[in-house]
Amino acid sequence: MTPALSVKGLTRHFGVVVAVNDVTFDVAPGEIVGLLGPNGSGKTTTIRMLCGLLAPTQGTAQVAGVDVTQDPELVRHRIGYMSQKFGLYDDLTVQENERFYGSLYGLTRKALTDRIAQVEAFIGLGGRRHQMVGTLSGGWKQRVALACAILHQPPILFLDEPTAGVDPASRRLFWATIRKLADAGTTVLVTTHYMDEAERCGRVAMLHGGNLIAIGAPHEVAHFFGEGMTLEDVFVHLQEQTGEVA
Amino acid sequence: MTRLRAMIAKEFIQMRRDRLTLGIMVGIPIVQMLLFGWAIQTEVKYLPTVVLDESATSSSRELTQAFANTASFRLVGYVPSRAELDEALASGRAKAGIVIPWSYARDLARGREATVQVIVDATDPLASQAAIAAAQAVGRVQSLRQLEQRGVAVQQPVDVRVRPRYNPGLRSANNIVPGLMGVILTITLVAVTSMAIVRERERGSLEQLIVTPLTRLELMLGKIAPYVLVGYVQITVVLIVGRLAFDVPITGSLWLFYGITVAFIVATLAVGLLVSTLARTQQQALQLSFFFVLPNILLSGFMFPREAMPEVAQWIGLVLPLTFYLQILRGVLLKGLELHHIWPQVVALVAIGAAFIALSTKRFHKTLD
């Protein structure tokens, strides 16, 4: 089966800093892959390169069958993206945001209305549809952002710390939705700091200082660093090495 | 097309919700028009004037009265000596001094040339020129009257008659107020779009936006289109204020004027848009907009005639939409010009607008680096 996402030797420099160094991995359709690593390990930079938001210094990536270095515009049609910082409009209602983003992906009139109703039901947004986004709590905001990211039914979804600052109940709900999307065939690449979320991924990729140091099922990656280690142990261990612990 | 429409619709909703900004966009032009339209007067009238009347005769008093009767001089007092006249000018108590020598009445009576001196504070050439012209006129009129009294046939061999067309009253408001309309529009419209892109960047919505298939041109046009309407609201407001408060004539076709105005609005919004793509923060955008405002006031022909500027300064004026719009404003409103008179200006505005949109689009990248 051709991979949904194929990353080869992806590298990005910011001046003298190497943010991402020669990262290579494949993701199969319908898979949920978690990108883990301490702050500054290159997770966001990797996702941004895969979305065409940053040009790689070296290397390539096939995203949904399109080379992102060759045709980033075409890639944009085939992906959904949730940025780390909430990127919707606070001064628009839930539905106005949905209509705006749906239209940007070429949905019109009835198709747009139908699809919005479908996604709202899928994510459970119906009751908030006329609420101003700025007045929503963090958990609701993330759900709206997810709704806007999947309106055009992208085969691949990039989620950059989608649940940062969201309460546990909302996180659980959010992940249940992700699971359903993946079961329906959507490929998901997600970064997270929560180890319970990492455990829900089919595979995790551990980044450290811009290098991909391990990739595999969550327990495999944990064991890779030592018998009896949990992902959290690995994470704390790596973070201590980076000197990022306050 | 769907995407552009979505972009415009979204901008409209946001604009409608931002009542304060909307209020500012309409309120500021009204306040500025009233304030500056009233304050800026270039015809210098009623210069405070002191008189040193050494002659102290009925003919010298008659002459003094002749000066006072013009709108240029306002007598504020007599001075007893030359020293005090100098002092009055130096201190600023007076801007002009009239010296009538003791021999004035005697020379007139004997049919000799009588001299009168008018001293004008010329630190501001604009203010002094009107006084100088008025003084010369007084001299001519007095001379003719003297000749008449002596029974000389008073017919000037050459009679130059100046007819100030388009603004017969030589009201500076007729020139300033339409110009002011253009300046105010420039300032507010540039300020509005200079925030357009950079605000999205600061709020964090730009990243989400550029990961969609929205093209750069669609983004730029979507940011401009809603504010064309704002521009029209503003131009209507300032036009009404100009007409009601300052009696600015509307000689030409309003339809033509409104039709052409779109070229100016788009060009000006495009300038703001370029600012928005250059700036990284809203504060920078604001500073850049200010930087753009000054040449508009000084080099566009609003304050000073472009004909008087060195060539290089005139060239700079050629990239400012206001330069051409002023010619249109004054041309259509005051002179009643038709499209065939002003099409070069219209073409220039369209070209400037297209160039700035192209430049903004080129400047803007759908990437984060």
Side-chain angles (χ1 to χ4, degrees), chain A residues 12-15 19 44-45 47-57 68 72-93 95-109 111-112 132-134 144-145 148-149 151-152 154 158 160, chain B residues 1-25 192 195-223 225-227 277 280-282 361-362 364-369:
Chain A
R12 171 70 200 207
H13 298 180
F14 289 109
T44 296
T45 306
I47 283 208
R48 283 179 171 173
M49 282 193 281
L50 297 178
C51 294
L53 287 174
L54 284 175
T57 311
V68 75
E73 274 309 311
L74 189 56
V75 167
R76 290 189 166 97
H77 286 269
R78 301 187 182 183
I79 60 167
Y81 173 63
M82 267 177 75
S83 62
Q84 204 169 48
K85 193 176 168 202
F86 180 71
L88 299 186
Y89 297 98
D90 281 342
D91 49 353
L92 297 188
T93 65
Q95 197 146 66
E96 284 164 351
N97 268 294
E98 288 167 342
R99 293 199 77 87
F100 174 58
Y101 275 99
S103 310
L104 289 189
Y105 286 102
L107 292 168
T108 50
R109 302 163 204 276
L112 179 63
M132 215 57 87
V133 164
V144 181
C148 288
L151 280 168
H152 58 298
F158 293 103
D160 195 1
Chain B
M1 211 50 214
T2 308
R3 293 190 299 251
L4 180 57
R5 222 172 27 231
M7 192 68 206
I8 293 173
K10 174 222 136 197
E11 290 291 325
F12 260 121
I13 296 173
Q14 288 186 310
M15 193 166 83
R16 211 182 59 213
R17 299 240 162 94
D18 192 357
R19 289 284 161 82
L20 183 64
T21 307
L22 213 54
I24 290 172
M25 286 190 292
V192 158
M195 295 294 151
I197 304 286
V198 76
R199 185 170 50 222
E200 298 251 5
R201 196 188 294 279
E202 280 198 343
R203 279 185 181 177
S205 46
L206 192 66
E207 184 174 342
Q208 196 69 57
L209 199 57
I210 59 180
V211 88
T212 71
L214 183 72
T215 67
R216 297 185 290 174
L217 187 61
E218 284 165 346
L219 176 62
M220 297 300 148
L221 294 180
K223 284 288 181 186
Y227 293 103
T277 60
R280 306 303 288 186
T281 63
Q282 296 197 45
T361 309
K362 204 168 152 49
F364 182 76
H365 294 286
K366 284 184 73 180
T367 53
L368 293 169
D369 49 357

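Within every chain, numbering begins at 1; the chains are lettered A, B, ... in the order of the sequence lines, protein sequences first and strands thereafter. What you see below is based on every heavy atom in this structure, not just the backbone, and it leaves out hydrogens, waters and symmetry mates.
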Which of Thr108(A), Leu107(A), Leu104(A) touches chain B most, by non-hydrogen pairs under 4.5 Å: Leu104(A)
Chain A contacts, top residue of Leu206(B), Thr215(B), Leu368(B) (heavy-atom pairs, under 4.5 Å): Leu368(B)
Part of Phe14(A) lying under 4.5 Å from any heavy atom of chain B: neither
Residue that, paired with Arg199(B), satisfies side-chain contact (heavy atoms from CB on, under 4.5 Å) out of Arg201(B), Met195(B), Glu202(B): Met195(B)
Salt bridge flag under 4.0 Å for residues Lys223(B) and Glu11(B): yes
NZ or CZ of Arg16(B) within 45° of Phe12(B) ring axis and under 6.0 Å: no
Largest heavy-atom contact set with chain A, pairs under 4.5 Å, which of Thr2(B), Val211(B), Leu209(B): Val211(B)
Toward chain B, the part of Arg78(A) with a non-hydrogen atom under 4.5 Å: neither
Per-residue contact mode, Ile79(A) against chain B (heavy atom under 4.5 angstrom): side chain
Side-chain donor/acceptor of Arg216(B) to backbone N/O of Thr361(B), under 3.5 Å: yes
Carboxylate-amine/guanidinium contact Arg203(B) Asp91(A), below 4.0 Å: yes
Top contributor to chain A contacts, counting heavy-atom pairs under 4.5 Å, from Glu200(B), Met1(B), Glu218(B): Glu200(B)
Leading residue by heavy atom contact count with chain B [cutoff under 4.5 Å; candidates Met82(A), Arg99(A), His152(A), Glu73(A)]: Glu73(A)
Flag, side chain of Arg3(B) to backbone of Ser103(A), donor-acceptor distance under 3.5 Å: no
Choice from Leu214(B), Leu4(B), Ile13(B) maximising heavy atom contacts with chain A below 4.5 Å: Ile13(B)
Electrostatic pair Lys366(B)-Glu207(B), nearest N-O below 4.0 angstrom: no
Engaged part of Thr45(A) at the chain B interface, taking heavy atoms whose separation is under 4.5 Å: neither
Full working for side chain to side chain donor-acceptor pair (under 3.5 Å) between Gln208(B) and Tyr101(A): CA-CA 10 Å; Gln208(B) 196 69 57; Tyr101(A) 275 99; 5.4 Å; no
Residue among Ser205(B), Pro213(B), Ala9(B) with most heavy-atom pairs under 4.5 Å to chain A: Pro213(B)
